[in-house]
Novice: 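I'd like to ask some things about the structure below.
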Amino acid sequence: QLQLVESGGGLVQPGGSLRLSCAASGSTLNYYAVGWFRQAPGKEREGVSCATSHDGSTYYANSMKGRFTISRDNAKNTVYLQMNSLKPEDTAVYYCAAWTTTRACVLTQTEYHYWGQGTQVTVSS
């Protein structure tokens with residue numbers, strides 16, 4: 001059974017950068033589309049980015065385009081989210097997720113069957 005554990009969150013100043021990691025165990029991520037989602041206090045969970053399982057195609061929510069980059073290292077069974085030019089509005093708990101599909105990934109959380117516990121990202125001066 002696939003298990004996901006996020007790490008790399010913390011406190012960063014506006015304009016700074018963080019790289020989040022999502023380490024998988026129990027199965028290989030080669031067979032899964034992967035995604036990052038976030039939830040700010042009092043807000044609904046929203047999609048951030050996702051990557052397909054077969055060709056590495058990636059997709060981003062409009063507000064994250066040009067600032068965030070999703071990548072995967074299949075040899076390490078790990079997914080990353082590089083976050084640059086961080087803004088206070090990016091403060092949230094960030095979750096990684098996965099689902100078994102060879103189709104293009106989507107930023108619809110109900111499609112993802114496996115979730116990590118989340119890691120807190122706080123952007124503040």
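All residue numbers in this chain count up from 1 along the given sequence. Hydrogens, waters and symmetry mates play no part in the numbers below; they use all other heavy atoms, side chains included.
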Novice: Counting N and O atoms only, with roles assigned by atom type, does the side chain of Thr69 sit under 3.5 Å from a partner on the main chain of Gln82, one being a donor and the other an acceptor?
Specialist: no
Novice: Using a 3.5 Å distance criterion without hydrogens, assess whether the side chain of Asn77 forms a donor-acceptor pair with backbone atoms of Ala24.
Specialist: yes
Novice: Nearest 0.5 Å, what's the OG-CE distance between Ser49 and Met64?
Specialist: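 The CE atom of Met64 is 8.0 Å from OG of Ser49, to the nearest 0.5 Å.
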Novice: Between Tyr114 and Gln1, is any pair of side-chain heavy atoms under 4.5 Å apart?
Specialist: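 A side-chain contact under 4.5 Å exists here.
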Novice: Under the side-chain contact (heavy atoms from CB on, under 4.5 Å) rule, collect the residues that match up with Thr78, sequence neighbours excluded.
Specialist: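 Listed in chain order: Ser21, Ala23, Lys76, Tyr80.
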Novice: Can you give me the closest heavy-atom contact between His54 and Thr102, atom names plus distance?
Specialist: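 The pair with the smallest heavy-atom distance is CE1-O, 2.7 Å.
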Novice: Taking a hydrophobic cluster as the set of Ile, Leu, Val, Met, Phe, Trp and Tyr residues connected by side-chain heavy atoms closer than 4.5 Å, whether directly or through intermediates, do Ile70 and Tyr31 fall within one such cluster?
Specialist: yes
Novice: Return the CG to CG distance between Leu18 and Leu81, rounded to the nearest 0.5 Å.
Specialist: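 CG of Leu81 is found 9.5 Å from CG of Leu18.
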Novice: Identify the heavy atoms of Thr101 and Arg103 that sit nearest to each other, and give their distance.
Specialist: OG1-N, 3.0 Å
Novice: Looking at every non-hydrogen atom in both residues, tell me the closest pair between Leu107 and Ala61 and how far apart they are.
Specialist: CD1-N, 3.7 Å
Novice: Taking Val93 as the starting point, is it possible to reach Val123 by hopping between hydrophobic residues whose side chains are less than 4.5 Å apart?
Specialist: no
Novice: Can you sort out the partners of Ser27 under side-chain contact (heavy atoms from CB on, under 4.5 Å), two or more places apart, ordered by chain and number?
Specialist: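 Applying side-chain contact (heavy atoms from CB on, under 4.5 Å) to Ser27 gives Leu2, Tyr32.
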Novice: Once rounded to the nearest 0.5 Å, what's the spacing between atom CG of Leu20 and atom OH of Tyr94?
Specialist: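 Interatomic distance, Leu20 CG to Tyr94 OH, rounded to 0.5 Å: 7.5 Å.
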Novice: Return the OH to OG1 distance between Tyr59 and Thr52, rounded to the nearest 0.5 Å.
Specialist: 6.5 Å
Novice: Can you list the steps and then say if Tyr95 with Thr119 is a side-chain contact (heavy atoms from CB on, under 4.5 Å)?
Specialist: CA-CA 7 Å; Tyr95 301 88; Thr119 185; over 6 Å; no
Novice: Within a strict 4.5 Å, meaning less than it, do heavy atoms of the Pro88 and Ser124 side chains meet?
Specialist: no
Novice: For Cys105 and Ala51, work out which heavy atoms get closest and say how close.
Specialist: SG-N, 3.4 Å
Novice: Is it the case that the side chain of Glu6 and the backbone of Cys96 share a donor-acceptor pair, with hydrogens and angles ignored and the cut-off at 3.5 Å?
Specialist: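 A pair under 3.5 Å: yes.
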Novice: Within the side chain of Thr28, is there an N or O that forms a donor-acceptor pair under 3.5 Å with the backbone of Asn30?
Specialist: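 Side chain of Thr28 to backbone of Asn30: a pair is present.
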Novice: To the nearest 0.5 Å, how far apart are CZ in Arg67 and CG in Leu86?
Specialist: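 Result: 6.5 Å between the selected atoms.
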Novice: Run the numbers on Leu29 and Val34 for side-chain contact (heavy atoms from CB on, under 4.5 Å), then give the verdict.
Specialist: CA-CA 8 Å; Leu29 282 177; Val34 295; 3.9 Å; yes
Novice: Where does the angle between the aromatic ring planes of Tyr112 and Phe37 fall among parallel (under 30°), tilted (30 to 60°) and perpendicular (over 60°)?
Specialist: perpendicular
Novice: Hey, mind stepping through Val12 and Met83 against side-chain contact (heavy atoms from CB on, under 4.5 Å) and telling me if it holds?
Specialist: CA-CA 11 Å; Val12 63; Met83 305 186 295; over 6 Å; no
Novice: How long is the gap from CZ on Arg45 to CZ on Arg38, to the nearest 0.5 Å?
Specialist: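 Here the rounded value is 13.0 Å.
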Novice: Apply side-chain contact (heavy atoms from CB on, under 4.5 Å) to residues Thr91 and Val121 and explain how you reach the verdict.
Specialist: CA-CA 5 Å; Thr91 296; Val121 172; 5.9 Å; no
Novice: What closest approach, in Å, do Ser53 and Ala33 show between heavy atoms, and which atom pair accounts for it?
Specialist: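 Reported closest heavy-atom pair: CB-N, 3.7 Å.
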Novice: Crowded around Gln120 CD? As in, over 12 foreign heavy atoms under 6.0 Å?
Specialist: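 More than 12 heavy atoms, drawn from other residues, nucleotides or ligands, come within 6.0 Å of this atom.
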Novice: Report yes if the distance between the aromatic ring centroids of Phe68 and Trp36 is under 6.0 Å, otherwise no.
Specialist: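 No.
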Novice: On a heavy-atom basis, which atom in Asp90 and which in Ser85 lie closest, and how many Å separate them?
Specialist: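 Closest approach of Asp90 to Ser85: OD2-O, 4.4 Å.
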